[in-house]
2 protein chains.
Amino acid sequence: MSENDVILTAPEPALDQPGKVYEAIREDIISGRLEPNARLKVADLAASYGTSTNPVREALQQLRGEGFVVMEANRGARVVAIDEAFVRDIIEIEVLIEPALTRWFVSIVTDADIAELEAAQAEIEALNFSDPQRHGQLDTRFHQLIYDRHYNRHAADLWWKHREILRAISRRFPTSLSRRVAVLSEHRELIACIRRQDAEGAAAIVARHVEGSGRHIIEQMGVAKRNGPRKRPA
Amino acid sequence: MSENDVILTAPEPALDQPGKVYEAIREDIISGRLEPNARLKVADLAASYGTSTNPVREALQQLRGEGFVVMEANRGARVVAIDEAFVRDIIEIEVLIEPALTRWFVSIVTDADIAELEAAQAEIEALNFSDPQRHGQLDTRFHQLIYDRHYNRHAADLWWKHREILRAISRRFPTSLSRRVAVLSEHRELIACIRRQDAEGAAAIVARHVEGSGRHIIEQMGVAKRNGPRKRPA
DNA sequence: ATGCCACAAATAATGTACGATCTGTTCGAA
DNA sequence: TTCGAACAGATCGTACATTATTTGTGGCAT
């Protein structure tokens, strides 16, 4: 067995429906259970998920198409390496897309939408980062309220895909105090701009929000690297 | 055999290397040989490409991940429907991304780069749209000179993917005279801005360029639809 | 004794074949 | 005409064969 192989403790029992293997592998990748750059051997995965090799192979191909997995001919698949450059790249794209989506949202927003945003934000503030996992869900939902309504499915899907990746990375790192403060205040400012129909202001805040998020993640990745690589940060 | 099935004339002989089936199907999709919404039956495709079903299945999964194919469980795959909304969506994304890539290019451009751009543009003007296929290649190369150098591989890849789709669609339609004039003048303006290090000007022109391209394609799609759907427009 | 090349066995990806299961349709009876 | 069961067609899963790459071993020259 070589340096970094696939080790999944539980031979998760019987997920039969088509497409389930795909979701399982994908979830294992973005949740970090399958580490970046880990080799993905079809036989091992098939054993882990309790199926034969074909579903695994097809799942890997789909994941390759989505960019979660890189493959070399006759040399198999690996989990894509998610490094600082990777994060920077998708953040740069989001800095362009999210303000545009937000601007449009301002033009179609209703009172009910704003109420939902405020409810989501209230939950986030009530939780106050005590449960990082849960915070990630809530934060995603907050922004999803804004983006999911957009007519441009391509843009919204792109956002969602990037979001899942970033959320998976963030899960491994703590959120600095300054970042927590910034997140809360930026959310509040965003809601305020939306309410007063200030599209440009909202777009500017979102751009700042995304940039800040990216900067924070990259900083945390740097810290983790300097402290030496380890499986599970305390 | 139902309304729209896969009909490929030649049972193209023996493409053995791994990944070749994927490229063949992909090429058949973006070139329009496989029409939008056509059903993709693995057995038929396997016969067409002279392999067994498994390579085809995996190729389809990868194409699904890339968004060229949509699949329903137990109901197989279809070529994604490329309609006006589809084009509008990716154009909207490109209007955001391409100016950003261009802005950065202006900041790192060398004399040699500009010379290459001018050479490409000279070829385009010499050809003067007499061969649409070739024009598509040249135009792609022109913009590729600008985007391929960017450090953000995600953004550049996204551009490339969108570019291929748009090029495949454009191939089916003629280019209006007004569009031809606009393309040439915008290219020239772009080079001028780049030379005088006017990043904002270049970005603005690119935005206009992309928007105009999208508008033109959508108009042509509308014309084709009103004239009744047909396989090969004269 | 050490380093390097050639060759052989193991490991894993890729391709082929077949059976099971699901979906849509058609034919027949109420 | 409508409901239902049998049939056909295609997808999805399993098992197996083939091919490529890697690894380990042994011999040979330095």
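Computation of the quantities below employed the complete heavy-atom set of this structure, encompassing side-chain atoms and omitting hydrogens, waters and symmetry-equivalent molecules. In the text below, chain A, chain B and the rest are named by the order of the sequence lines, each starting its count at 1.
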*Asks:* Hydrogens and angles aside, do B:Q61 and B:Y22 bring a side-chain donor and acceptor to less than 3.5 Å of each other?
*Replies:*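 Per modelled atom types, B:Q61 and B:Y22 side chains form no pair under 3.5 Å.
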*Asks:* Give the rounded distance in Å between these two atoms: CZ of B:R78 and C1' of D:dA10.
*Replies:*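 Going from CZ in B:R78 over to C1' in D:dA10 covers 13 Å.
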*Asks:* I want to confirm an ordering. Mapping B:E58 and B:T53 to their closest nucleotides on DNA chain C, which one lands closer to the 5' end?
*Replies:*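 Upstream on the strand: B:E58.
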*Asks:* With the side chain of B:K41 defined as its heavy atoms from C-beta on, choose the nearest nucleotide among D:dT14, D:dA10, C:dG15.
*Replies:*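 So the side chain of B:K41 is nearest to D:dA10.
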*Asks:* What integer distance in Å separates A:M71:CE from C:dA12:P?
*Replies:*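 It is 15 Å, rounded to the nearest whole Å.
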*Asks:* Nearest whole Å is fine: how far is D:dT11 P from A:Y22 OH?
*Replies:*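 Checked: the OH to P distance equals 20 Å.
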*Asks:* Contact class for A:R57 (heavy atom, under 4.0 Å): base, sugar-phosphate, or nothing?
*Replies:*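 Since a base atom lies under 4.0 Å of A:R57, the category is base.
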*Asks:* Would B:R163 and B:E94 pass as an ion pair if we require N to O under 4.0 Å?
*Replies:*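 Salt bridge absent between B:R163 and B:E94.
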*Asks:* Whole angstroms only, please: what is the CD-P distance between B:E72 and C:dT21?
*Replies:*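 Distance, rounded to whole Å: 22 Å.
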*Asks:* Any side-chain donor paired with an acceptor under 3.5 Å for B:H154 and A:H162?
*Replies:*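 No, no side-chain donor-acceptor pair sits under 3.5 Å.
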*Asks:* From the list D:dT11, C:dA13, C:dT16, which nucleotide is the closest neighbour of the side chain of A:R39?
*Replies:*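 That would be C:dA13.
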*Asks:* What's the CG-C1' distance between B:D44 and D:dT11, to the nearest Å?
*Replies:*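 Going from CG in B:D44 over to C1' in D:dT11 covers 13 Å.
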*Asks:* Rounded to the nearest angstrom, tell me the gap between atom CD in B:Q61 and atom P in C:dG15.
*Replies:*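 Result: 15 Å.
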*Asks:* Can a donor-acceptor pair under 3.5 Å be found between the side-chain atoms of B:N54 and the base atoms of C:dT16?
*Replies:*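 Such a pair is found, so the answer is yes.
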*Asks:* Starting from C1' on D:dA10, measure out to CG on B:L60 and report it in whole angstrom.
*Replies:*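 It works out to 13 Å between those atoms.
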*Asks:* Can you say whether the rings of B:Y147 and B:W159 are parallel (under 30°), tilted (30 to 60°) or perpendicular (over 60°)?
*Replies:*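 Perpendicular: the ring planes of B:Y147 and B:W159 meet at over 60°.
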*Asks:* Is B:R134 salt-bridged to B:E123, cutoff N-O under 4.0 Å?
*Replies:*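 Result for this pair is yes, salt bridge flagged.
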*Asks:* If you assign A:R75 and B:A73 each to the DNA chain D nucleotide with the nearest heavy atom, which residue ends up on the more 5' nucleotide?
*Replies:*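 First, find each residue's nearest nucleotide; the 5'-ward one identifies B:A73.
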*Asks:* Please pick, from D:dT21, D:dT11, D:dT14, the nucleotide with the shortest atom-to-atom distance to any side-chain atom of A:N74.
*Replies:*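 It is D:dT21.
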